[in-house]
Amino acid sequence: MELPKNYDAKVSEPKWLEFWEKEKVYAFNPESKAEIYSIDTPPPTVSGKMHLGHSFSYAQQDFVARFQRMLGKNVFYPFGVDDNGLATERMIEKMKNVKGQFMQRQEFVKLCYTTVEEIRNDFVYDWKRIGTSADFNIFYSTINNHSQKISQRSFLELYKMGRIYRKFAPSMACPNCATAIAQVELKDLERMSTLYYIKAQVDGNESTVFATTRPELMMACIAISVHPDDKRFNHLIGKTATIPVSNEKVPIIADDMTKMDFGTGAVYWCPYGDMNDIEFVAKHPDLKVKHIMNRDGRLNEKAGKYKGMNSEEARKAVVNDWEKAEAVVKEEQIGQVVNTHERCGTVIEFVAMDQWFIKYLDLKDDFIKYGRKIKWYPEHMRARYENWIHGLKWDWNISRQRHFGIPIPVWYCKKCNAIIVAEEKQLPVDPLVDKPLKKCKCGSNEFIGEKDVLDTWATSSLTPDIAIELFKNKTLQEKLHPMGLRPQAHDIITFWLFNTVVKSYFHHKNIPWKNVMISGWALDPKGKKMSKSKGNVIDPREMIGKYSADSLRFWAAGSRLGDDLPFQEKDLVTGNKFTTKIWNASKFAFMHLSDYKGERPSKINMMDRWILSKLSKVMKESTENFMNYEYSHTKLATETFFWHTFCDNYLEIIKDRLYNADKRGSDARVSAQFGLYNTLLTIIKLMAPIMPFITEELYQLYFRNHENVKSVHISKWPEVNMEDEHAERIGDFVVKVVEFVRKQKSEKQLSLKAPVKKLTIKAKIEEIDFDEVESDIKAATSAEQIIFEPTRGKHPEKDIEIEAEF
RNA sequence: GGGCCCAUGGUCUAGUGGCUAGGACACAACCUUCACAGGGUUGGGGCAGGAGUUCAAUUCUUCUUGGGCCCACCA
């Protein structure tokens with residue numbers, strides 16, 4: 001059998017994608033009795049194209065999926081897309097050049113739906129292209145009716161449990177997005193800021209100086225505080241200060257939250273400038289908050305002349321006014337860390353609004369317990385989960401003042417203002433369109449629908465349910481829960497992972513999955529995070545075009561699980577080289593196997609026993625590593641074994657037996673064929689999860705006819721159990737001799753085929769064993785004559801002494 | 001301020017309480033008609049620093065230095 005000279009990934013890879021889809025190679029079988037391995041696949045957000053980081057971590061989870069499938073398990077590997085929420089809105093606003101806020105919700109949502117439909121196929125193709133072996137027929141979108149129903153049902157259940165409440169409370173708001181956001185969506189920003197020292201008159205002809213970085217909140221000022229132990233200010237406590245310009249009179253009170261060593265030691269409180277204000281207000285309920293800011297970050301009529309300004313504008317105006325009033329004593333530049341919205345980078349504001357919350361701060365211990373029931377790979381990632389829980393300060397704000405999201409299924413009675421919650425049988429509902437099924441208790445039939453939508457994470461935290469409930473069979477649903485694996489990257493442990501545990505805790509009283517596998521990030525060549533703004537983003541499509549999906553995966557298999565990996569284009573060359581090498585080795589093998597019928601020889605030659613024994617060990621090791629999600633070890637072990645043990649040594653050693661059956665005997669040839677067939681097939685299978693395309697190509701070209709399974713990816717994971725310590729010792733000795741001769745030839749600048757006149761070997765090997773391998777050594781070294789002397793019983797300095805005469 | 005991870009040739013990495021610390025890329029020399037020039041062979045070059053545990057430390061402990069990530073602080 002003759003193979004084409006070269007393998008062309010550009011042609012082959014799309015060919016196999018089609019084949020897999022047509023043959024339903026990755027289909028989950030709901031009827032099967034086989035053990036299920038289920039994966040809670042991360043739904044990528046359609047707001048961005050697949051980037052290198054995606055291909056990196058999706059490749060890593062796919063290694064595991066493919067391995068488990070080859071173990072014979074019924075792999076439940078759904079695929080979803082996240083097209084719900086802010087990120088999607090933003091993309092659509094940009095694509096269609098519209099502003100959602102200025103449109104009717106229905107109109108905008110319709111536009112979102114159609115746009116998302118338009119781009120979906122192209123978007124998903126990128127995931128298929130890298131060889132993701134998900135069952136793409138088990139598909140969901142986080143905004144479709146199915147997901148809406150489940151997400152709203154979750155809301156209803158939590159509401160019934162008393163876990164959801166609505167409250168007018170200070171919340172974090174993104175002025176740019178004009179919505180409330182949650183603690184998890186915050187990102188730190190370090191910046192320089194000005195600390196203003198402001199002089200305020202105090203009754204009784206005194207004065208004091210307070211320091212602030214937030215002059216713009218002047219109109220909200222409710223008090224000035226000093227530390228109770230601060231002797232500098234003792235005499236002022238209880239008196240009234242007048243804020244310059246606003247002429248507002250505020251009490252000077254003692255509060256130990258005040259830092260004596262910051263600014264002047266006196267601070268003016270203007271809820272809500274930050275989290276401390278919230279605490280301060282709670283401690284002093286007698287002080288009345290003024291709420292001068294709206295959620296779009298603009299000041300309202302309570303801010304008087306500053307109405308309509310945002311923080312930055314108001315700051316300038318207030319400072320200007322203070323300067324005119326000669327109230328500014330000093331300005332100081334200080335470093336400051338502020339919270340920004342991680343999606344858009346806007347500095348957030350604290351605004352009191354009506355919001356919906358999930359009450360869960362009382363359950364921190366339980367969440368930590370749940371985290372410990374899950375097996376983490378790598379284990380240390382659990383620390384991040386626990387660290388996050390320890391630092392949680394807010395209940396989960398799940399309402400967003402946006403358009404494109406899953407509506408909160410609630411109405412308010414026009415007459416009595418009661419909250420009316422939707423009924424499960426009417427889900428999904430849009431309260432702006434639909435009506436409650438029953439009248440209000442007060443008899444009224446007029447309602448105002450809740451305008452807010454749910455936080456994206458309130459839905460994506462339900463992905464296990466969304467995927468599982470695509471199947472209506474209850475027994476199957478139970479079998480699928482908890483899932484086997486949650487694969488994801490480490491940046492969303494606090495978002496997706498934690499929130500999913502929370503939802504599962506409430507709805508199932510169980511962990512959502514047994515294992516989590518946390519992958520790292522693909523970094524730029526210098527080890528920096530890739531980001532659009534830095535311009536260091538690498539497009540995986542370009543790399544696949546230039547190299548191949550297999551090479552990209554080969555690269556992704558090179559890092560330890562959880563580790564970030566800087567991307568160097570040259571690393572893709574390695575994958576290509578491996579592909580070429582295995583192509584050529586297989587070409588050689590298939591040529592010599594064309595007449596092989598799969599027979600097991602009665603007597604297996606020493607060197608064939610040697611390779612099969614080595615193979616058995618690699619196989620065992622690889623299986624264990626894969627079980628522990630250590631795919632990089634499997635890849636490395638297989639790669640080394642293939643390249644060096646198999647190609648460099650074994651193939652060279654058996655060549656003579658394969659080519660010259662007339663001299664060496666047909667038994668010797670069949671034995672070599674047996675070794676060759678089984679070793680190559682096993683290598684291809686071990687490599688199949690990592691490089692699904694080239695392995696499929698080689699499998700189809702030759703092995704399929706002999707193995708009778710339609711794809712290597714559903715073939716059985718190899719079980720070679722031919723360990724033979726004796727053969728390994730003798731084989732290793734042969735390799736040492738061959739390597740020695742190679743080195744000699746290289747040093748003498750001779751061709752590797754150059755004949756050796758006389759080869760003298762002294763070794764701790766029995767003559768009976770040497771006789772078995774002599775012909776193989778002769779052939780592999782081109783030795784004309786070999787003198788062998790066993791050193792048994794003697795105690796030579798070296799185990800082996802070799803001399804070659806040319 | 002708290003937590004976590006990491007430090008191995010020029011670059012990216014594997015790994016181990018004890019063999020000559022493994023590989024890839026880059027570099028150098030050599031080798032081609034019989035699987036492979038999209039190749040092969042051979043070679044040069046490395047465990048951040050200090051202290052400790054140990055018969056033995058690149059590996060374990062601790063400190064220092066340097067890098068990365070998460071969280072808190074935010075007047």
Side-chain angles (χ1 to χ4, degrees), chain A residues 3 5-7 183 186 188-191 193 195-196 210-214 217 224-225 257-259 262-270 273-277 280 334-339 347 378 380-393 490-491 493-494 520-521 523 525-529 554-555 558-560 562-592 632-633 635-637 639-640 643-644 647-648 651-652 655 658-659 739 741-754:
Chain A
L3 260 60
K5 186 162 166 42
N6 297 325
Y7 167 74
Q183 185 180 348
L186 301 180
D188 286 358
L189 173 74
E190 262 184 78
R191 65 170 187 190
S193 184
L195 182 64
Y196 296 92
F210 63 86
T212 183
T213 58
R214 304 291 307 262
L217 298 176
I224 287 177
S225 83
M257 282 168 70
T258 320
K259 286 180 205 143
F262 188 92
T264 61
V267 55
Y268 89 142
W269 295 89
C270 309
D274 62 34
M275 299 254 259
N276 280 340
D277 287 2
F280 182 83
I334 55 162
Q336 186 192 31
V337 184
V338 291
N339 287 321
V347 177
H380 69 255
M381 289 293 178
R382 201 186 61 230
R384 293 204 191 180
Y385 170 87
E386 294 191 1
N387 199 14
W388 167 252
I389 293 173
H390 286 306
L392 263 183
K393 290 199 167 163
H490 54 53
D491 55 329
I493 290 175
T494 56
W521 274 351
L523 305 174
K526 289 180 189 129
K528 298 275 175 235
K529 195 175 159 182
F554 191 82
W555 164 73
S559 92
R560 246 185 347 196
D563 277 8
D564 295 341
L565 185 64
F567 174 81
Q568 322 254 353
E569 196 173 329
K570 65 184 175 58
D571 290 339
L572 294 187
V573 175
T574 316
N576 271 18
K577 282 192 171 185
F578 185 88
T579 307
T580 304
K581 188 77 176 171
I582 200 168
W583 175 262
N584 286 322
S586 301
K587 212 159 78 175
F588 170 84
F590 298 163
M591 189 167 86
H592 292 288
S632 63
H633 292 170
K635 177 225 157 201
L636 186 70
E639 186 186 0
T640 311
W643 207 290
H644 298 108
C647 291
D648 288 354
L651 290 188
E652 293 305 323
K655 256 181 191 172
L658 291 171
Y659 276 114
E739 280 175 347
V741 174
R742 264 210 290 263
K743 195 169 163 176
Q744 290 276 305
K745 287 181 181 174
S746 179
E747 276 168 12
K748 291 186 173 23
Q749 306 198 343
L750 291 167
S751 156
L752 292 178
K753 299 224 158 67

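Letters A, B, ... mirror the listed sequences (proteins, then strands); counts begin at 1.
Only the C1' atoms considered, B/C73 is 32 Å distant from B/U61, to the nearest whole Å. Nucleotides B/G43 and B/A24 are separated by 13 Å at their P atoms, to the nearest Å. B/G17 and B/U13 have their P atoms separated by 22 Å, with the value rounded to a whole Å. A distance of about 15 Å separates the P atoms of B/A21 and B/A48, rounded to the whole Å. The separation of B/A56 from B/C69, taken at their P atoms, amounts to 40 Å, rounded to a whole angstrom.
In this structure A/D563 satisfies the salt bridge (Lys or Arg N to Asp or Glu O under 4.0 Å) test together with A/R560, sequence neighbours excluded. Among residues two or more places apart in sequence or in another chain, the side-chain hydrogen bond (donor to acceptor under 3.5 Å, both in side chains) test is passed with A/T579 by none. A search for ring pair (Phe, Tyr, Trp, His ring centres under 6.0 Å) contacts involving A/H592 returns A/F588, A/Y659, not counting sequence neighbours. Residues passing the ring pair (Phe, Tyr, Trp, His ring centres under 6.0 Å) test with A/W555 are A/F56, A/F567, sequence neighbours excluded. Remark: A/S751 pairs with no residue by the side-chain hydrogen bond (donor to acceptor under 3.5 Å, both in side chains) rule, at least two apart or across chains. In terms of the side-chain hydrogen bond (donor to acceptor under 3.5 Å, both in side chains) criterion, residue partners of A/D564 (sequence neighbours excluded) are, by chain and number, A/H490. Checked against ring pair (Phe, Tyr, Trp, His ring centres under 6.0 Å), A/Y268 has the following partners two or more places apart in sequence or in another chain: A/F210.
At the heavy-atom level, A/K748 lies nowhere under 4.0 Å from the strands shown. Note on A/K655: a base of the nucleic acid sits closer than 4.0 angstrom, heavy atoms only. Here A/A211 lies in heavy-atom contact (under 4.0 Å) with sugar-phosphate atoms only. As judged by a 4.0 angstrom heavy-atom cut-off over every strand, A/C647 is placed among the base-contacting residues. Across all strands shown, A/N6 has heavy atoms under 4.0 Å from base atoms, whether or not it also approaches the sugar-phosphate. Within 4.0 Å of A/E652, counting heavy atoms only, lies at least one base atom of the nucleic acid. A/T640 comes within contact range of no nucleotide atom at all, as no heavy-atom separation falls under 4.0 Å. As judged by a 4.0 angstrom heavy-atom cut-off over every strand, A/Y7 is placed among the base-contacting residues. As judged by a 4.0 angstrom heavy-atom cut-off over every strand, A/N576 is placed among residues making no nucleic acid contact.
In a base pair of the Watson-Crick type (N1 to N3 plus N6-O4 or O6-N4) or a G-U wobble (N1-O2 and O6-N3), with each distance short of 3.5 Å, B/C4 is matched with B/G68. Nucleotide B/U11 forms a pair with B/A24, judged by Watson-Crick or G-U wobble geometry with both contacts under 3.5 Å.
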Please list, pair by pair, any protein nitrogen or oxygen found under 3.5 Å from a nitrogen or oxygen in nucleotides 65-69 of chain B.
residue : atom : partner : partner atom : Å
B/C69   : O2'  : A/R384  : NH1          : 3.2
B/C69   : O2'  : A/R384  : NH2          : 3.3

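One atom, CD of A/Q336, and another, C1' of B/A72, lie 16 Å apart when rounded to the nearest Å. Between A/D491 atom CG and B/C71 atom P the separation is 10 Å, expressed in whole Å. Between the P atom of B/A29 and the CD atom of A/Q749 lies a distance of 11 Å, rounded to the nearest Å. Per the geometry, CG belonging to A/D571 stands 12 Å off P belonging to B/A14, to the nearest Å. Remark: C1' of B/A72 and CG of A/L186 are 12 Å apart, rounded to the nearest angstrom. If you take CG of A/L750 and P of B/C31, they are 9 Å apart, rounded to a whole angstrom. Rounded to an integer number of Å, the gap from CG of A/D274 to P of B/A72 is 14 Å. The nearest whole Å value for the distance from the CG atom in A/L636 to the P atom in B/G23 is 10 Å.
Side-chain contact between A/T574 and A/K577 is absent, with no heavy atoms from C-beta onward closer than 4.5 Å.
Classified by interplanar angle (parallel below 30°, tilted 30° to 60°, perpendicular above 60°), the ring pair A/F280/A/W269 is parallel.
Closest to the side chain of A/L565, from the set B/C12, B/A14, B/C25, is B/C12.
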Using a 4.0 Å cut-off on protein heavy atoms (strictly under), produce a 5'-to-3' string for nucleotides 39-45 of chain B with B for base contact, S for backbone-only sugar-phosphate contact, and - for none. SSBSS--

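Between the side chain of A/D188 and the base of B/C73, at least one donor-acceptor pair of N or O atoms lies under 3.5 Å.
For the residue pair A/S193 / A/T213, no side-chain donor-acceptor distance below 3.5 Å is found, with atom types taken as modelled.
Here the OG1-CG distance, from A/T212 to A/L217, works out to 7.5 Å after rounding to the nearest 0.5 Å.
Nearest-nucleotide positions on RNA chain B for A/T579 and A/G263 put A/T579 closer to the 5' end.
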